[in-house]
Amino acid sequence: MNVLERVPVREQDAKERATNFKEVCLGYNMEEAIAEAQRCIGCKNAQCVKGCPVAINIPGFIDEVKKGDIAAAYQVISEASTLPAVCGRVCPQESQCEGKCLRGIKGDPVSIGKLERFVADYAREHEIKPEVHAEKKGKKVAVIGSGPAGLTCAGDLAKAGYDVTIFEALHEAGGVLIYGIPEFRLPKEDVVEKEIQNVKELGVKIETNVVVGKSVTIDELMEKEGFEAVFIGSGAGLPKFMGIPGENLNGVFSANEYLTRSNLMKAFREENPTPIMRGRKVAVVGGGNVAMDAARTALRLGAETHIVYRRSEEELPARVEEVHHAKEEGIIFDLLTNPVEILADENGWVKGIKCVKMELGEPDESGRRRPVVKKGSEFEIELDTVIMALGTSPNPLISSTTEGLEVNKWKCIIADEVNGKTTKEGVYAGGDAVTGAATVILAMGAGKAAAKGIDEYLSAR
């Protein structure tokens with residue numbers, strides 16, 4: 001084999017997968033995984049580990065894969081990660097672990113994410129579980145939210161011997177893993193539910209349909225129900241809009257609502273009673289991973305689908321892999337284009353969008369070149385559905401009902417990056433509730449840091 005080139009991963013054919021919701025990437029088999037693992041040079045000062053927000057011992061687990069001992073590889077990963085089958089699928093490895101891989105200097109970096117996925121899938125198929133040896137500490141911790149931050153924090157605390165209960169507002173656990181990421185990227189039944197089951201088997205209890213701030217407050221959890229610490233991992237579920245004319249028309253959706261209908265409530269299935277807009281021609285405004293998810297969902301529901309983004313392809317914040325898959329499937333990219341108005345028909349339904357062409361000027365505070373309107377460039381696109389994928393912010397319900405919990409001007413909870421400590425005694429926070437919308441693995445890293453902070457806090461009492 002050529003050690004400079006990664007072992008290619010099998011995928012569904014683009015034309016076929018554009019018509020179904022089955023997983024796009026088919027992953028490695030044993031032979032392919034061992035061959036890819038052998039490309040790893042086993043650096044002693046492994047830069048890949050420094051690039052991983054949860055600090056998985058990457059050379060350690062890959063070394064076990066080389067030997068063909070996948071059970072041992074899984075235990076190495078499980079020491080650091082609660083959700084390896086999820087991370088192997090949705091982490092932006094190219095900018096984290098794989099982005100720092102020394103093998104990548106003169107060739108392709110090792111496919112760390114695909115190897116992690118292989119190990120986690122193998123463990124699930126062979127019913128291999130994480131090993132836990134901690135003694136019970138007899139102390140209760142509440143975790144708010146069952147997304148990646150909450151599951152990670154809960155899992156780490158359970159491994160450390162704490163009695164942990166997760167409170168989830170929706171009827172199903174998983175947070176953004178369940179409602180935000182489509183089936184074709186992250187299978188719910190075979191992957192997410194199984195990973196959540198592993199967390200439960202650590203001793204974590206999950207109570208659904210509990211809206212903290214309404215059903216019960218943080219103060220009540222601590223003062224009346226005996227929880228000695230609380231972790232807030234409630235995510236960022238409040239969608240943003242552009243503030244342009246026509247955003248209140250029938251046929252305009254936030255990506256958050258659109259994806260929740262499809263993913264959590266299974267509206268993509270013809271037999272399911274949950275309604276969803278099956279547009280003829282759809283525009284998704286935005287360029288991140290959520291925009292790609294919404295566009296690829298609309299395509300699978302039968303629409304001609306456009307991504308409308310005000311910058312160029314170089315500035316697209318979505319993962320390169322997601323953009324590549326979207327293009328293969330037939331998504332049309334209208335780049336350097338910005339909507340200024342959504343147009344209505346006589347019945348108040350969307351009939352099109354008015355846009356302007358953009359050109360790139362000097363870099364802004366994010367380091368990306370600022371888009372500037374081209375004079376006289378207005379034009380219209382005829383369509384019947386607009387999906388706004390412009391990011392989300394935290395719901396203020398928890399912060400507004402918790403005295404002493406401070407937030408910043410974006411309504412994000414103020415918390416220490418190192419240990420998750422907030423301005424309220426015994427309350428910790430992490431993930432999108434603190435940073436605003438970010439990645440699954442960064443939320444997991446924050447949950448992990450907070451679990452360590454809570455352990456130190458409760459051990460000192």
Side-chain angles (χ1 to χ4, degrees), residues 176 180 235-262 276-277 279 281-298 303-313 315-318 322-323 326 331-345 348-361 363-366 368-396 409-412 432 435-438:
V176 72
L238 204 60
K240 295 178 182 176
F241 288 87
M242 292 184 73
I244 60 175
E247 276 186 311
N248 61 344
L249 293 173
N250 295 318
V252 180
F253 300 89
S254 69
N256 206 27
E257 177 191 348
Y258 187 78
L259 289 170
T260 298
R261 284 176 181 271
S262 179
I276 193 167
M277 185 75 174
K281 189 172 178 181
V282 176
V284 178
V285 182
N289 290 326
V290 173
M292 299 303 144
D293 286 344
R296 294 172 70 197
T297 297
E304 176 190 308
T305 308
H306 295 243
I307 289 278
V308 178
Y309 181 61
R310 62 183 185 152
R311 289 183 165 97
S312 72
E313 185 167 346
E315 285 81 26
L316 278 169
E322 300 308 317
V323 175
I331 303 292
I332 299 161
F333 283 73
D334 295 322
L335 302 172
L336 291 168
T337 301
N338 202 38
V340 292
E341 183 181 355
I342 302 172
L343 306 171
D345 67 13
W349 284 83
V350 172
K351 72 169 186 179
I353 51 173
K354 186 184 289 184
C355 299
V356 289
K357 297 301 289 183
M358 313 294 284
E359 54 191 359
L360 296 179
D364 61 16
E365 60 278 359
S366 72
R368 296 180 298 172
R369 292 172 67 195
R370 189 187 301 274
V372 180
V373 176
K374 275 188 180 180
K375 287 184 180 177
S377 64
E378 277 193 3
F379 69 101
E380 294 180 6
I381 303 174
E382 181 191 335
L383 42 81
D384 58 9
T385 310
V386 177
I387 300 170
M388 293 292 183
L390 305 167
T392 52
S393 58
N395 190 313
K409 63 181 180 181
W410 297 285
K411 305 297 183 187
C412 296
D432 292 3
T435 61

Student: Give a yes or no answer on whether the side chain of D384 reaches the backbone of G279 with a donor-acceptor pair at less than 3.5 Å.
Tutor: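 A pair under 3.5 Å: no.
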
Student: If you round to the nearest 0.5 Å, how far is NZ of K374 from CG of L336?
Tutor: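 The CG atom of L336 sits 7.5 Å away from the NZ atom of K374.
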
Student: When you measure from the side chain of Y309 to the backbone N and O of E315, does any donor-acceptor pair fall under 3.5 Å?
Tutor: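 Checked: pair present.
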
Student: For the residue pair L316 and F333, establish whether any side-chain heavy-atom pair is separated by less than 4.5 Å.
Tutor: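 In short, these two side chains touch, coming nearer than 4.5 Å.
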
Student: With no hydrogens and no angle check, is any side-chain donor or acceptor of D432 less than 3.5 Å from a backbone partner on A438?
Tutor: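 It does hold such a pair.
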
Student: Answer yes or no: are there more than 12 heavy-atom neighbours, outside E359 itself, under 6.0 Å from its atom CD?
Tutor: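 Counting other residues, nucleotides and ligands, CD of E359 exceeds 12 neighbours.
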
Student: Just so I know, are the side chains of M277 and F253 near enough to count as touching, which here means a heavy-atom distance under 4.5 Å?
Tutor: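 M277 vs F253: side chains touch.
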
Student: Distance-only, no hydrogens or angles: does the R369 side chain make a donor-acceptor pair with backbone N or O of G361 under 3.5 Å?
Tutor: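 Present.
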
Student: Does the side chain of F379 come within less than 4.5 Å of S377's, by heavy atoms?
Tutor: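 When only atoms from C-beta onward are counted, F379 and S377 do not touch, as no gap falls below 4.5 Å.
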
Student: As an exercise, state the distance from CD1 of I332 to OG1 of T305, rounded to the nearest 0.5 Å.
Tutor: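 Between atom CD1 of I332 and atom OG1 of T305 there are 8.0 Å.
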
Student: Is it the case that more than 12 heavy atoms not belonging to K357 sit under 6.0 Å from its NZ atom?
Tutor: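 Enclosed: over 12 neighbouring heavy atoms sit under 6.0 Å from NZ of K357.
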
Student: Work out which heavy atom in A283 is nearest to a heavy atom in I353; give both atom names and the distance.
Tutor: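 Taking every non-hydrogen atom into account, CB-CD1, 4.1 Å.
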
Student: How long is the span from the CG atom in L390 to the CG atom in N256, to the nearest 0.5 Å?
Tutor: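 The CG atom of L390 sits 12.0 Å away from the CG atom of N256.
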
Student: Less than 4.5 Å apart, side chain to side chain, heavy atoms only: is that true for S254 and T392?
Tutor: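 Not touching, per the 4.5 Å side-chain cut-off.
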
Student: Name all residues meeting the side chain to side chain donor-acceptor pair (under 3.5 Å) criterion together with E304; count only those two or more places apart in sequence or in a different chain, and write none if there are none.
Tutor: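 Partners of E304 under the side chain to side chain donor-acceptor pair (under 3.5 Å) test: H306.
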
Student: Can you find a pair of side-chain heavy atoms, one from L238 and one from K411, that are under 4.5 Å apart?
Tutor: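 They are not in side-chain contact.
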
Student: Less than 4.5 Å apart, side chain to side chain, heavy atoms only: is that true for E365 and R370?
Tutor: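 Yes, side chains in contact.
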
Student: Could you grab the distance from atom CD of E380 to atom CD of E341, nearest 0.5 Å is fine?
Tutor: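 With rounding to 0.5 Å, CD (E380) is 8.0 Å from CD (E341).
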
Student: Is there a donor-acceptor pair under 3.5 Å between the side chain of D293 and the backbone N or O of R296?
Tutor: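 No, because the side chain of D293 does not come within donor-acceptor range (under 3.5 Å) of the backbone of R296.
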
Student: Are the side chains of V373 and N338 in contact, using a 4.5 Å heavy-atom criterion?
Tutor: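 Of all side-chain heavy-atom pairs linking V373 with N338, none is under 4.5 Å.
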
Student: Less than 4.5 Å apart, side chain to side chain, heavy atoms only: is that true for R311 and M358?
Tutor: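 They are not in side-chain contact.
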
Student: Taking atom CG of L259 and atom CD1 of I276, what is their separation to the nearest 0.5 Å?
Tutor: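 One gets 8.0 Å once the value is rounded to the nearest 0.5 Å.
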
Student: Please collect all salt bridge (charged side-chain N to carboxylate O under 4.0 Å, His left out) contacts where either partner lies in residues 236-254, sequence neighbours excluded, each pair once.
Tutor: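 Found none.
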
Student: Measure the spacing between CG of L335 and CZ of R310 and express it to the nearest 0.5 Å.
Tutor: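 If we round to the nearest 0.5 Å, L335:CG and R310:CZ are 13.5 Å apart.
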
Student: Sub-3.5 Å donor-acceptor pair from the side chain of T337 to the main-chain atoms of V308, do we have one?
Tutor: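 Side chain of T337 to backbone of V308, a donor-acceptor pair under 3.5 Å: no, none is there.
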
